[in-house]
Number of protein chains: 2
Amino acid sequence: MPFTAAEENYIKTIFQLQLVEGMVSTNSVASTLETSAASVTDMLKKLKLKKLLVYEKYKGFKLNNEGKKAALSIIRKHRLWETFLVNILHFKWDEVHEVAEQLEHIQSNQLIDHLDNFLGNPQFDPHGDPIPDATGKMPVMTQINLTKFPLHIVGEVCSVGSQSSDMLSLLSHKQIEIGSTISVEQFFAFDESIDVKINNTLMVNISAKLAQHLYVKKLNYAS
Amino acid sequence: MPFTAAEENYIKTIFQLQLVEGMVSTNSVASTLETSAASVTDMLKKLKLKKLLVYEKYKGFKLNNEGKKAALSIIRKHRLWETFLVNILHFKWDEVHEVAEQLEHIQSNQLIDHLDNFLGNPQFDPHGDPIPDATGKMPVMTQINLTKFPLHIVGEVCSVGSQSSDMLSLLSHKQIEIGSTISVEQFFAFDESIDVKINNTLMVNISAKLAQHLYVKKLNYAS
DNA sequence: TTAAAATTTTAGATTTGTCTAAAAATATTT
DNA sequence: AAATATTTTTAGACAAATCTAAAATTTTAA
């Protein structure tokens, strides 16, 4: 059962809306996709016919398991392509969305599996968002080591991997504490140190050793 | 002026037909695209309106310069994607066509330019067909050194780069002469020797040095 | 050179995805 | 709780790309 590009766009949008809202409304989909409410209603009928969602007139709707499975497969494709565009073709991370929106509709499991392998089965895309695997499982982004945190993404310091007073005093000297927001701005290959921005203002340098002991979780979702 | 996927498929098909026929007929396009003659007529009107072809009712048609430019851009995309699929994602060369048919319709010059660079600005695709550059210029495949000839493609030996009797006696020992058909079947990295098939039957091994002196041109086109 | 055959075009219908305008249902407010 | 506002759905239309069947044109051949 392949889907059209239009169907896939609706499926993906509904999935993302129901993550935060639970139940989804016609208008919210319409404004996200920048289309009319009437068009959304039309598409809902088709998707209901294909047994992808639970929907009753005037009552709101949400994807069922089949629909969620489809959505995860599309999101997988989108995020793998974004990873390809940034890591391999050296697009800037804010230039990839439009192209990935097209690439995600290419129909070929073989293509996606090969791409996944070529990229080294990445767990997170360049925006820091988790990439579902072929079975639809998403790695939960609880916390991730600062050394593996994507560039220019704002996260929150959520744990420190050691309680040594030497380390804690260094942290306070750099004005870093649990709950601080942090983003990695630059990586220096020579000594593997990184420049990070704390609380959106202060720029400090962090050694590789310190970074290895800081765990961060992503804050605001994008893409 | 972006084209729809359907328009692009017609443009590409007409281009390839007019290369051999000069003038193109409705039926030839219909059978190539496995559609009805009526559909072709409909599309011809649209393409004429967009000033891509010279067409008068019942008289046959062909792409004008604008149309050829469009066709070359599509062929460029198709062949670059095929190169990517085979060289980078390790598809077999006979598995790529269907996927490349989809990928060629992705709209992004930036994407194609980056892909071209990433692949090292290849001149020929895995089938041995020439890849147009960004301005639409195609390298003419006159003859190409055997060491650069694509795998599993049948070519014709068209010149030998030396007249030394040592070399010519070696060639006749291996039953290779001007006009023999030849295809490269395997490359051995250790000594850079290659196994080739001569006249579709005899398999012989050729040293790197000998291969460097053999020039071959591709025989039968495939896409 | 006219009759038959083949090709091409037109006419009218269908599917997909979209739209606007109006009607129906639900929600909000006084 | 009635009036008003908002949301959602329906009705009818349109553009793109396709189809079949019939008409128009060109080609072939008797």
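The sequence lines fix the lettering, A, B, ..., with proteins before strands; numbering per chain opens at 1.
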Measure from CD on B/Glu8 to C1' on D/dA16 and round the result to the nearest Å. 15 Å
What is the distance from NZ of A/Lys45 to C1' of C/dT16, rounded to the nearest Å? 14 Å
What residues, two or more places apart in sequence or in another chain, satisfy salt bridge (Lys or Arg N to Asp or Glu O under 4.0 Å) together with B/Asp133? none
What is the separation between atom NE2 on B/His105 and atom P on D/dA17, rounded to the nearest whole Å? 12 Å
Test ring-ring contact (aromatic ring centres under 6.0 Å, His included) applied to A/Phe91 - qualifying residues, sequence neighbours left out: B/His114
Please enumerate all residues that pass ring-ring contact (aromatic ring centres under 6.0 Å, His included) together with B/His105, with sequence neighbours excluded. none
Using only side-chain N and O atoms of A/Asn27, determine if any of them is under 4.0 Å from OP1 or OP2 of D/dT6. no
When all nucleic acid strands are considered with a 4.0 Å heavy-atom cut-off, which category describes A/Tyr55: base, sugar-phosphate, or nothing? sugar-phosphate
Please state how far atom NZ in B/Lys50 lies from atom C1' in D/dA15, giving the value in whole angstrom units. 12 Å
Under 4.0 Å between a side-chain nitrogen and a carboxylate oxygen: does that hold for A/Asp113 and A/Arg76? yes
What is the distance, to the nearest angstrom, from the CG atom on B/Leu49 to the C1' atom on D/dA15? 14 Å
My understanding is that only residues two or more places apart in sequence, or in another chain, count here; which of them pass ring-ring contact (aromatic ring centres under 6.0 Å, His included) with A/Tyr10? none
Provide, to the nearest angstrom, the distance between the CD atom belonging to B/Glu56 and the C1' atom belonging to D/dA24. 17 Å
Rounded to whole Å, CG of A/Leu44 lies from P of D/dT8 at a distance of 10 Å
Using a cut-off of less than 4.0 Å, is there contact between a side-chain N or O of A/Thr26 and OP1 or OP2 of D/dT9? yes
Do any pairs count as a salt bridge (charged side-chain N to carboxylate O under 4.0 Å, His left out) and have a residue in residues 10-34 of chain A, sequence neighbours left out, and if so which ones? A/Lys12-A/Glu101, A/Lys12-A/Glu104
For nucleotides 17-26 of chain C, just jot down a letter per nucleotide in 5' to 3' order: B, S or -, based on protein non-hydrogen atoms under 4.0 Å. BBBB---BSS
